[in-house]
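First the proteins, then the strands, lettered A, B, ... as listed; each starts at 1. All values derive from a computational prediction rather than experimental measurement.
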Amino acid sequence: MVTVTNLHKRFGSQKVLNGLNLETHLPGIIAVLGPNGSGKTTLIKSLLGMVIPQKGEIAVNGKEIRRQSDYRKEIDYLPQIANFPGNLTVKELIGMIKDLRGKPARDKELIAFFGIESFLDKKLSKLSGGTRQKVNIVLCFMFDSPLIILDEPTSGLDPASLIKLRELLQKEKAAGKTIIITSHIMNFVEETADRILFLLEGVIYFNGSITELKTQTGQDDLEHAIAQILT
Amino acid sequence: MKAVLFIFLSFVSFSFYATEITVCETCEIKSIKKAVEVAESGDTIRVKPGIYKENDIVIKDKSITIIGDDFPVIDAEMQGTAISISAEAFKIEGFKIINIGRSHTSDFSAILVSNSTNFEIKNNRFDNIFFGILIERSNNGRIIGNRVTGKAKSQAHSGNAIHLWKTEEMHIENNYLEGVRDGIYLEFTDDTEIINNVCKNNLRYGLHFMFSDGNTYSGNLFENNGAGVAVMYSKEILMYRNTFKNNWGSASYGLLLKDITDSELKQNTFEENTVGISADNTNRINYIENDFKSNGYAVKIRGGCYNNVFERNNFLYNSFDLTYNGHSNENTFNGNYWSNYSGYDLDKDNFGDIPYRPVSLFSYLVDKTPESIVMLRSLFIDLIEFSEKVSPIFTPANVLDEQPYIRKIQW
Amino acid sequence: MFKILKYSFFDLFRSRWSFVYFFFYLLLGLVLLFLNNDLSNAIITLMNVIIVLVPLIGTIFGIMYFYNSREFTELLLAQPIARKHIFLGQYLGVAISLALSLVLGLGIPFIIYGLFESSAIWDFFSLLVVGSFLTFIFTALSFGIALRFENKIKGFGMAILMWLFLAIIYDGIFLLLLMYFQEYPLEDFALAASVLNPIDLSRTLILLKLDISALLGYTGAVFKSFFGTTKGSIISFGVLLAWVILPIWGMLRLASKKDF
């Protein structure tokens with residue numbers, strides 16, 4: 001689905017991605033982990049064409065993405081900070097994104113799922129952080145695309161919503177989608193991810209299942225396994 | 001008045017013997033020249049409509065009246081002067097005189113009057129002429145209701161519509177003068193009244209004075225001339241209720257005053273001229289209740305101007321209200337209305353509480369570097385202008401209106 | 001692109017600021033006309049306002065909108081829409097709503113006043129055209145600056161500096177050069193310098209309609225013979241158009257390279 005070859009990205013003098021290679025074949029949930037500044041977000045944004053790498057190729061579904069935009073029809077993205085035009089209502093925002101995509105969407109179903117019907121006519125600037133994140137999630141999942149990219153999806157969510165998100169992820173996975181997630185909540189990663197990508201110094205340091213990671217580091221807890229890599 | 005009475009009396013005295021001579025194509029007398037030859041003082045020559053190809057009609061010492069019926073045409077066929085007169089108490093009325101030839105040596109004119117007195121030239125039309133009415137060494141003449149239309153292209157090849165030289169007590173009224181070099185030209189002409197004339201589209205000046213004292217001109221319109229009016233080397237000139245309009249050009253102005261003393265300008269309107277008034281060496285002139293509206297420069301005071309008074313004038317939306325050469329000021333500018341004034345009137349006495357400085361720094365800059373005119377009304381200029389107003393360095397500090405009116409002055 | 005334009009446009013039209021801008025012009029127009037009672041004077045004052053304020057507001061508004069809608073932009077970037085269309089759409093949304101506030105805000109009081117029967121209608125019309133041009137120019141420039149500088153404070157500072165330069169400093173340098181080289185023939189230089197800065201060019205275009213007699217004096221003839229001819233008008237509008245197109249082009253180039 002996604003092939004990344006020899007990806008280099010530098011911001012000024014700071015090298016963030018340093019010849020990164022990646023290939024995802026199978027459906028499932030991939031968690032991208034790594035210390036702060038290891039290039040997680042940069043990698044994700046490169047996939048979306050928001051960050052433009054200096055060198056290297058990215059292909060989504062076999063097509064090179066440089067200077068393209070149509071391939072994003074197949075991607076749903078959840079940005080890290082959900083800050084929307086404040087004077088729109090939730091309904092208007094959803095309507096607008098639907099209009100921009102020009103594609104049928106399952107927004108009603110998701111709104112009901114997260115229970116945000118009562119907020120539909122509220123302005124986005126009046127919403128709490130958690131509600132805003134729910135809107136963000138609805139916007140992301142409503143198009144039913146085969147590739148889903150989530151940047152810190154858990155931020156601001158209450159435990160009940162977290163359970164719903166997990167439920168949703170499992171459903172999507174079962175529907176045969178590829179889901180790429182970054183998160184700092186190891187608990188969440190451990191329960192959802194099929195595969196771990198560990199980024200360190202701009203390359204993929206580890207690529208495998210959670211069990212493999214645990215065996216390799218000799219730790220029986222994900223957090224400790226990660227900490228082990230870093231030392 | 002004396003002149004009118006005199007003409008009247010002379011007509012009365014001759015009327016008893018007077019005969020009327022009729023000129024027409026089928027009459028016994030077919031030419032004006034012939035009629036003039038046979039006429040005696042006191043006679044009237046009546047010319048019927050038609051085209052009379054004549055020039056050099058000479059009237060000498062005969063007090064006659066020549067009247068054209070329905071504008072008979074005298075076509076001089078570009079050959080010399082049409083009519084020349086030297087007489088007392090005569091009158092020419094109702095002709096159309098055309099095609100006066102140009103000359104570098106002689107001032108050929110439609111009507112030439114010399115050494116005459118008590119005469120009237122009334123309601124004639126002149127077209128394609130060199131000089132129109134040329135009067136020399138004469139007095140007590142009335143030039144009324146004539147209409148001159150020329151097609152002057154260059155100053156060297158054109159003459160003046162009404163040209164007075166060494167005359168006195170003339171009365172010039174209701175004439176329409178267009179397309180010549182100078183509309184009205186006065187040299188060594190004193191005690192003359194110029195009233196309600198229109199001078200338009202003339203190459204040089206609408207009205208031109210030289211060495212002529214004690215004249216009055218009022219109610220005239222000077223529009224779109226090379227320059228409106230030039231008054232030079234004269235004194236005791238009264239200028240009332242005239243309009244100076246649209247006199248545009250790099251050396252143009254509404255009114256040029258040069259070496260003028262003891263004169264008065266009152267209730268004139270200067271509108272959309274490159275320069276409203278340009279004053280050079282003028283002393284003791286009162287500028288009262290004039291409107292200066294939308295001119296490039298409203299008033300330019302050049303060197304040698306002393307004891308001039310500007311009072312109750314309205315300065316409205318001019319690019320520059322006043323420019324001033326030199327730093328000393330012997331003139332007063334108190335009690336005018338300036339639309340650019342931004343002061344306030346807290347004590348409600350109708351005068352602004354802070355003085356107005358009519359000379360802007362920018363006018364000074366433009367004077368030094370004319371190209372900088374492109375910066376007119378730019379923010380940078382406004383800023384330096386503001387700092388100059390706060391503490392004058394380049395502009396004369398004592399040129400100011402201590403009592404600027406807060407509202408436009410009605411007069 | 002038109003969808004983005006539509007949303008940016010409606011977004012701005014619903015925000016308080018474009019109404020503040022609109023009402024500011026409405027008030028200005030009403031006050032000038034009904035307290036002054038003189039159309040030509042009102043137009044001169046308006047020109048001063050337009051020449052100074054329109055670029056400033058275009059600059060500030062453009063840069064504020066860009067920085068404020070950054071997250072929204074990121075949301076759009078993840079959608080299947082070409083970058084070019086996103087930024088062009090947002091730019092046009094801002095520029096059109098500003099231009100509309102200007103035209104309506106000033107137009108309404110002038111229509112109430114009875115502009116259509118007045119001879120000043122063309123002066124007023126050219127004022128609005130020039131004002132709209134300036135809006136488009138300075139919004140594009142500020143978008144470019146916002147794209148160039150990640151740091152809001154820095155970007156804001158640069159935008160104000162850019163305005164300050166074009167509105168004031170440029171003229172200061174221009175004037176100094178004129179004074180310094182006053183022995184030389186300067187007409188062509190002055191002409192070129194006033195055409196190249198969009199604020200100077202706009203001012204000159206309006207002034208030729210208003211203060212025409214002053215400009216006609218002295219070297220004014222040169223300007224008149226340039227701006228008064230068809231060739232001059234075409235060049236002037238060409239330059240104004242270039243001042244719109246080049247910053248847009250630069251902005252889109254910056255946008256195509258930028259990381260979000």
How about A:I52 and C:K258: do any of their side-chain heavy atoms sit closer than 4.5 Å? no
Can you tell which part of A:F11 gets under 4.5 Å to a heavy atom of chain C, answering side chain, backbone, both or neither? side chain
With rounding to the nearest 0.5 Å, note down the distance linking SG in A:C140 to CG in C:L75. 10.0 Å
Any idea which of A:L78, A:D99, A:D76 has the most non-hydrogen atom pairs under 4.5 angstrom with chain C? A:D99
Should we say atom CD of A:Q170 is surrounded by more than 12 heavy atoms from elsewhere, each under 6.0 Å from it? yes
So does A:Y205 have more than 12 non-hydrogen atoms from other groups sitting under 6.0 Å from OH? no
Do any of residues 39-49 of chain A have a heavy atom less than 4.5 Å from a heavy atom of chain C, and if so, which, in residue order? A:K45, A:L48, A:G49
Bottom line for A:E92: the part with an atom under 4.5 Å from chain C's heavy atoms is side chain
Here the pair of heavy atoms bringing A:L100 nearest to C:I4 is CD2-CD1, 4.1 Å
Tell me whether A:R67 at atom CZ has more than 12 heavy atoms from other residues, nucleotides or ligands lying less than 6.0 Å away. no
Would you say that more than 12 heavy atoms from the other residues, nucleotides or ligands in this model lie under 6.0 Å from the NZ of A:K103, or not? yes
Taking atom CD1 of A:I97 and atom NZ of C:K3, what is their separation to the nearest 0.5 Å? 11.5 Å
Apply the test side chain to side chain contact (heavy atoms under 4.5 Å, CB included) to residues C:L77 and A:Y77: give CA-CA distance (whole Å), side-chain angles for both, the deciding distance (0.1 Å), then the verdict. CA-CA 10 Å; C:L77 282 165; A:Y77 170 59; over 6 Å; no
Highest number of heavy-atom pairs under 4.5 Å with chain C: which of A:E74, A:R72, A:K9? A:R72
Greater than 12 external heavy atoms within 6.0 Å of A:R10's CZ: no
Gap between atom CE of A:M50 and atom CG of C:L76 - 0.5 Å precision: 9.5 Å
Just wondering, are more than 12 heavy atoms of other shown residues or ligands nearer than 6.0 Å to NZ in A:K73? no
With chain A as the partner chain, list the residues of residues 78-91 of chain C whose heavy atoms fall under 4.5 Å from it, by residue number, and write 'none' if nothing qualifies. C:A78, C:Q79, C:P80, C:I81, C:A82, C:R83
